[in-house]
Trainee: 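Before I ask anything, let me first share the structure, which is written out below as structure tokens.
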Amino acid sequence: MFNTNLKEDDDMYYIVETSKSFSQASVDLESAVIRNGFGVLHIHDLGTTLRTKGIAFDEECKVFEVCNPAQAAKVLSIDMRLNMALPCRISVYTEKGKTKIGLIKPEQMLSALSQDAALVEVAKEVEIKTIKMVDEAK
């Protein structure tokens, strides 16, 4: 598990706490994704999946796979290997009674995988949009 309280992790993550319930934050995130021109490809309900496999897991966690096809095509045209880093993921989860929404910042992640300047620009654009989605859902 990653500790989001560590200072060196702060640059890689964007995580906000919300007073909304887990369910409401999930609904609001899905709406924000669509409003911002992205699509929700899939939602992984990790909490439910773990519990149905017999694992004692008290937290909730949904991972939203989100994509903007035009941006994804730009990334893949620059470096096809980056298909392994797509689509973007935004999570709604609970931690010690608090609901949080977060993501790994696309610019940081993709810059670590490729040094192409055009890729960094696309990643910046995607990061601005995904952070906006999180803030709107908060």
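Quantities reported herein were computed from a predicted structural model and do not represent experimental measurements.
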Trainee: Between the main-chain N or O of Asp45 and the side-chain N or O of Thr48, is there a donor-acceptor pair closer than 3.5 Å?
Mentor: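 No.
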Trainee: Spell out, yes or no, whether Ile131 and Met133 are grouped together once hydrophobic residues are joined by side-chain heavy atoms under 4.5 Å, including indirect joins.
Mentor: yes
Trainee: How about Arg89 and Val63: do any of their side-chain heavy atoms sit closer than 4.5 Å?
Mentor: yes
Trainee: How far apart are the closest heavy atoms of Lys62 and Ser26, and which atoms are they?
Mentor: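 Closest approach of Lys62 to Ser26, heavy atoms only: CD-OG, 3.9 Å.
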Trainee: Roughly how far, to the nearest 0.5 Å, is CD of Glu125 from CD of Gln71?
Mentor: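 It comes to 5.0 Å.
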Trainee: Using 0.5 Å steps for rounding, measure from the SG atom of Cys61 to the CG atom of Leu50.
Mentor: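 Separation between the atoms: 8.5 Å.
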Trainee: Answer whether the closest heavy-atom distance between the side chains of Glu136 and Asn36 falls below 4.5 Å.
Mentor: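 Yes, side chains in contact.
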Trainee: Say whether, by atom type as modelled, one donor and one acceptor occur between the side chain of Thr94 and the main chain of Gly97 under 3.5 angstrom.
Mentor: no
Trainee: For a 4.5 angstrom cut-off between non-hydrogen side-chain atoms, does Leu29 reach Val33?
Mentor: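 In contact.
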Trainee: Is there a side-chain contact between Ile101 and Phe22 (heavy atoms, below 4.5 Å)?
Mentor: no
Trainee: Got a second to check how far Arg81's CZ is from Ser114's OG, nearest 0.5 Å?
Mentor: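 One gets 6.5 Å once the value is rounded to the nearest 0.5 Å.
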Trainee: Of all the heavy-atom pairs spanning Ala25 and Thr18, show the shortest one and how long it is.
Mentor: CB-CG2, 4.2 Å
Trainee: Check whether more than 12 heavy atoms from other residues, nucleotides or ligands sit under 6.0 Å from atom NZ of Lys20, and answer yes or no.
Mentor: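 Yes, because the 6.0 Å sphere around NZ of Lys20 holds more than 12 heavy atoms from other groups.
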Trainee: Between Leu113 and Val126, is there shared hydrophobic-cluster membership here, with clusters defined by ILVMFWY side-chain heavy atoms closer than 4.5 Å?
Mentor: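 Yes, because Leu113 and Val126 connect within a single hydrophobic cluster, where side-chain heavy atoms sit under 4.5 Å apart.
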Trainee: Heavy-atom distance under 4.5 Å between the side chains of Leu103 and Tyr13, does that happen here?
Mentor: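 No, side chains not in contact.
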Trainee: Which atom pair, heavy atoms only, marks the closest approach of Gln115 to Ala112?
Mentor: NE2-O, 4.4 Å
Trainee: Walk me through it: do Lys124 and Glu121 pass the test salt bridge (Lys or Arg N to Asp or Glu O under 4.0 Å)?
Mentor: CA-CA 5 Å; Lys124 279 182 186 177; Glu121 284 307 308; 3.6 Å; yes
Trainee: Can you get from Ile43 to Val66 by hopping between Ile, Leu, Val, Met, Phe, Trp and Tyr side chains that sit under 4.5 Å apart?
Mentor: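 Same cluster: Ile43 reaches Val66 through Ile, Leu, Val, Met, Phe, Trp or Tyr contacts under 4.5 Å.
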Trainee: How far apart are the C-alpha atoms of Ile90 and Tyr14, what are their side-chain angles, what is the distance that settles it, and do they pass the side-chain contact (heavy atoms from CB on, under 4.5 Å) test?
Mentor: CA-CA 10 Å; Ile90 304 174; Tyr14 183 77; over 6 Å; no
Trainee: Answer whether the closest heavy-atom distance between the side chains of Asp135 and Val16 falls below 4.5 Å.
Mentor: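 Yes, close enough: below the 4.5 Å cut-off.
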Trainee: Let me confirm one number: the CG-CG distance from Asn68 to Leu86, rounded to the nearest 0.5 Å.
Mentor: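 Asn68 CG to Leu86 CG: 11.0 Å, rounded to 0.5 Å.
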Trainee: Would Met84 and Met109 show up in the same hydrophobic cluster when neighbours are defined by side-chain heavy atoms closer than 4.5 Å?
Mentor: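 Met84 does not cluster with Met109.
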Trainee: Show the nearest heavy-atom pair for residues Leu110 and Leu119, with the distance to one decimal.
Mentor: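 The pair with the smallest heavy-atom distance is O-CD2, 3.7 Å.
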Trainee: A side-chain contact here means heavy atoms from C-beta on lying under 4.5 Å apart; do His44 and Glu65 qualify?
Mentor: yes
Trainee: Go through it in stages, so that I can follow the logic: the residues are Glu60 and Arg51, the test is salt bridge (Lys or Arg N to Asp or Glu O under 4.0 Å), and I'd like the CA-CA distance, side-chain angles, deciding distance and then a yes or no.
Mentor: CA-CA 10 Å; Glu60 295 292 341; Arg51 286 186 289 278; 3.1 Å; yes
Trainee: Rounded to the nearest 0.5 Å, what separates atom NZ in Lys105 from atom CD1 in Ile128?
Mentor: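 The distance works out to 11.5 Å.
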Trainee: Indicate yes or no: at least one non-hydrogen side-chain atom of Val120 is less than 4.5 angstrom from one of Glu107.
Mentor: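 Side-chain contact under 4.5 Å: yes.
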Trainee: Please answer whether the main-chain N or O of Gln108 pairs with a side-chain N or O of Ser111 as donor and acceptor at a distance below 3.5 Å.
Mentor: no
Trainee: Could you state the interatomic distance from SG (Cys88) to CZ (Phe38), rounded to the nearest 0.5 Å?
Mentor: 6.0 Å
Trainee: May I have the step-by-step check of side-chain contact (heavy atoms from CB on, under 4.5 Å) for Thr99 and Val92, ending in yes or no?
Mentor: CA-CA 7 Å; Thr99 302; Val92 178; 4.2 Å; yes
Trainee: Answer with yes or no whether the hydrophobic clustering places Phe64 together with Leu41; edges join I, L, V, M, F, W, Y residues whose side-chain heavy atoms lie under 4.5 Å apart.
Mentor: no
